[in-house]
Amino acid sequence: MPIRIYDTLTRSKREFVPVTPGRVTMYVCGMTVQNKPHVGHIRSSLSAEVMRRYFEHRGQEVLYAYNFTDVDDKIIERANAEGIEYAGVSERNIDAYLRFADLHNIRRATVYPRATQHIGEMHAMIAQLIASGHAYAADGDVYYDVRSKADYGKLSGRRVDELREGYRIEPGEAKRDPLDFALWKGAKPGEPAWPSPWGPGRPGWHIECSAMAMKHLGETIDIHGGGQDLIFPHHENEIAQSEACSGKPFANFWAENGLVNLGGAKMSKSDGNFFFIEDIASRVDPEVTRFYLLSTHYRSPIEFSLERLQEAGVAYQRLRTPLERAGAWTAPEGSAPGGALGEAVAEADRLFHEAMDDDFNSAQALGHLFDLARAVNRALDEGGGADAIQSARALYRLGGILGLFWTAPAGESWPAEVLELAAARVQARKDKDWKRSDEIRNALAELGVLVEDGSQGQKLKRK
RNA sequence: GGCGGCAUAGCCAAGUGGUAAGGCGAGCGCCUGCAAAGCGCUUAUUCCCCGGUUCGAAUCCGGGUGCCGCCUCCA
């Protein structure tokens, strides 16, 4: 079954065929590490990571590069404000990114290339672009000449001649055309700088991605990701300079993810406005955040709010409950269930893959998981047995393809106070003292403990 | 102004020609001492509006309205 992916460049969904059979190359424009990671970084990382997981599930080898832009104006600005080296700022934020990615079960990329580690590769590209007439040096800067190739603007649908007033040339910039962009920026006093044939300076924003993608993944990569806000100018410029160098298509599929919408509130970390991942992670179970992000197609915008996340928490628990009932995390693998239950499992499996094959439609795939969850619950209600447990295992496996269900239920250890109350309630129920039983249940609720009476007796749950 | 996207039930959200997934919420029922969880049923004759193509459109085309993103750094 072929996987189909929507491509921004051709504005169409096409069957995915990797450049090299059996091997998929993915490049994602990651963070410019000028600050702590925000929700948008998690979304684009997750979108790409789910593709990566699914390709691997489908038996492909995946080479996945996620880059860090570790030197730019704002990083320097911040470092100066703090009186430290630029690298101090970037290292700290890279660490934070990796930590929160781990927390949300986002698997590590194959490689995390950094701009400052590829200065040589960038120089080689820039030199080649100058030699072939696509770039020019001016006053210590080097600019890409957007008019040097007729197809500039093909990704974002822009035409060079449509540029309007308002593109002001910064003082000191010697661009021939306002849309020309810096490949190399001459160093201003006090800035970190690397020597180059055009004088000391640092890389422009776009060239790094071309250089790093080509170095680590080849001249034509299969899938290029990142947020939709990067389509112009970043990705547009990557295409221009890369294809001017190699003469080959830079990426076969442009799979940019939709942006995170924070509602009316402007991005500020004050009251209730989730902007940084740490703000979310401190209030929302990372598994729920991951589930929530997956419940909307990766290309659609998504709203982030505490309310939405809390709703997602309820919905996600619906998926986890049958797993917890069946002990899916520790149950040994067995033979597939038969009968109607077996059919329900096979159907969910088929539809799940169908949805994922269609441009990684995790929202639709999740819908089929809910259907399977109901079938599992029903089987469990009807007495369970090996078949019910194996159907729960199937649900667990399918969710696992999306990287869900990674936390096994905690082996709860309760404070003595709670255990005493619980024991008292068991006795009260034995005595059919319903009034006292309910009182104790309320008392436990005050302590944040839920009591559920089932056929196996009384169960305690947190929250 | 230019480019692009989106408008589906109270809310969230799938669905690119064949007669509206799924979740939350709400209601009824089963189960339960009562709850919770779970199960069953109900909750869009209809997909922003107006035309058109078609045997047939939420899905295609034209027009309109509304919202959003990008055009400056941004995942």
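Owing to the predicted nature of the structure, the values given are computational and were not obtained by experimental measurement. A note on names: the letters A, B, ... follow the listed sequences, proteins ahead of strands, and every chain is numbered from 1.
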In whole angstrom, what separates [X]'s [atom1] from [N]'s [atom2]?
X        : N     : atom1 : atom2 : result
A/Gln364 : B/G23 : CD    : C1'   : 14 Å
A/Tyr298 : B/C6  : OH    : P     : 13 Å
A/Tyr6   : B/U16 : OH    : C1'   : 12 Å
A/Leu259 : B/C71 : CG    : P     : 10 Å

Looking only at N and O atoms, is any donor in the side chain of A/Arg441 or the base of B/A36 less than 3.5 Å from an acceptor on the other one?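 Side chain to base: no pair below 3.5 Å.
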Partner of B/C24 by Watson-Crick or G-U wobble geometry, both contacts under 3.5 Å, or none?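 Looking at the geometry, B/C24 pairs with B/G10.
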Can you classify the ring geometry of A/Tyr66 versus A/Tyr64 as parallel (below 30°), tilted (30 to 60°) or perpendicular (above 60°)?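 Aromatic pair A/Tyr66/A/Tyr64 classed perpendicular.
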Looking at A/Asp177 and A/Arg147, is any side-chain nitrogen of the basic one under 4.0 Å from a carboxylate oxygen of the acidic one?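 A/Asp177 and A/Arg147: salt-bridged.
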Can a donor-acceptor pair be found between the side chains of A/Gln241 and A/His206 at a distance below 3.5 Å?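 No, because no side-chain N or O of A/Gln241 sits under 3.5 Å from a partner of the opposite role on A/His206.
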Does a side-chain N or O from A/Asn377 land closer than 4.0 Å to OP1 or OP2 of B/C39, or not?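 Answer yes for this pair, as a side-chain N or O of A/Asn377 is under 4.0 Å from OP1 or OP2.
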When you measure from the side-chain N and O atoms of A/Arg378 to the phosphate of B/G40, is any distance below 4.0 Å, counting only OP1 and OP2?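 Yes, because at least one side-chain N or O of A/Arg378 sits under 4.0 Å from OP1 or OP2 of B/G40.
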Around atom CZ of A/Arg436, are there more than 12 heavy atoms from other residues, nucleotides or ligands closer than 6.0 Å?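 Open.
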